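The sequence lines fix the lettering, A, B, ..., with proteins before strands; numbering per chain opens at 1. Quick caveat: nothing in here was measured; it's all calculated off a predicted structure.
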Amino acid sequence: MRLHVFLFSLMLSVGCASLPLKENAVKGLQASELALESAQTIERGLCFIAPTTESGGHCSNAMAATVGLTDARHQALAFAFSAAFGVEIKAATALKAWKAGDPAPSDVATYRADAQGILLLVQTLAPGSADLVSKAQLAVNEAAAVATALGVK
Amino acid sequence: MSLALLALLPQLISAGLATAAEIRALMASSAPGMTDAELNAVLDMVIASAAQHKALADKDAQPAA
């Protein structure tokens with residue numbers, strides 16, 4: 001385990017004041033973000049031969065065709081991912097200032113809707129990738145947990 | 001000192017020295033009861049990681065040449 005990770009773990013273990021609502025929301029948002037990142041990583045792995053170095057609107061990997069991932073579908077998913085990550089950044093920023101009793105930040109509801117939109121897109125555009133659908137579903141579930149923690153209807 | 005280190009983590013993510021997966025594992029195993037400042041530091045990490053992935057998505061959303 002790297003030093004900074006160890007130090008971070010140590011710091012978390014000695015946290016003091018309890019902020020259960022915000023903590024639940026933060027954990028949910030973090031989990032949703034990770035699931036969304038995983039979904040994007042899987043999609044890029046299907047699209048590119050070398051996803052760590054390649055980018056753009058053209059899929060170089062022959063595997064893309066086997067799950068129905070055309071260039072146009074890859075671009076549509078990338079556009080949706082960009083929008084979702086953008087709203088998530090806004091939601092996280094708003095959550096930093098949020099206190100128990102405050103109205104839920106509107107970006108949380110928007111993010112939940114965006115995550116749901118990505119799930120629908122994935123189910124429609126790349127139905128052959130069960131892993132991708134699974135991660136998108138997880139992102140939705142965790143986004144819903146954030147909304148629930150903050151009292152979003 | 002703790003918060004100073006926490007504040008550094010978003011930069012570590014941006015530099016590729018820590019990942020959201022690592023942070024997630026730590027969050028899952030941590031004891032409840034984080035302070036507001038600690039929660040905000042975690043949110044800063046979420047923001048940093050999301051920004052990296054958004055940048056990738058923006059490149060991928062461009063029509064093929």
Applying the 4.5 Å side-chain criterion to the ILVMFWY set and letting contacts propagate, would [X] and [Y] be lumped into a single cluster?
X: Leu56(B); Y: Leu121(A); result: no
X: Phe81(A); Y: Phe79(A); result: no
X: Val87(A); Y: Leu119(A); result: yes
X: Val140(A); Y: Leu132(A); result: yes
X: Ile118(A); Y: Ile89(A); result: no

Legend entry - Residues which pass salt bridge (charged side-chain N to carboxylate O under 4.0 Å, His left out) with Lys90(A), listed by chain and number, not counting sequence neighbours: none
As an exercise: rank [options] by heavy-atom pairs under 4.5 Å with chain B and give me the winner.
options: Gly57(A), Cys59(A), Ala72(A); answer: Gly57(A)
options: Ala92(A), Ala84(A), Ala97(A), Ala25(A); answer: Ala92(A)
options: Leu29(A), Leu95(A), Leu36(A), Asp71(A); answer: Leu95(A)
options: Glu54(A), Lys99(A), His74(A); answer: His74(A)

Which heavy atom of [X] sits nearest to which heavy atom of [Y], and what is that distance?
X: Ala78(A); Y: Ala61(B); value: CB-N, 3.5 Å
X: Ala50(B); Y: Glu88(A); value: CB-OE1, 3.9 Å
X: Ser82(A); Y: Lys54(B); value: OG-NZ, 3.3 Å

Legend entry - Close side-chain approach of Asn40(B) to Lys22(A), heavy-atom, < 4.5 Å: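 In contact.
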Inset, instruction - Report the residues that fulfil ring pair (Phe, Tyr, Trp, His ring centres under 6.0 Å) with Phe85(A), sequence neighbours left out, ordered by chain and then residue number. - result: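 Partners of Phe85(A) under the ring pair (Phe, Tyr, Trp, His ring centres under 6.0 Å) test: His53(B).
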Legend entry - Side-chain hydrophobic cluster, 4.5 Å single linkage: members besides Leu138(A): none
Legend entry - Close contacts, residues 39-49 of chain A versus chain B, judged by heavy atoms under 4.5 Å: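 Within residues 39-49 of chain A, the residues under 4.5 Å from chain B are Gln40(A), Thr41(A), Arg44(A), Phe48(A).
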Legend entry - From Lys27(A), Lys96(A), Glu23(A), residue fulfilling side-chain contact (heavy atoms from CB on, under 4.5 Å) relative to Leu39(B): Glu23(A)
Inset, instruction - To the nearest 0.5 angstrom, please state how far the CD atom of Glu37(A) sits from the CD atom of Gln52(B). - result: 8.0 Å
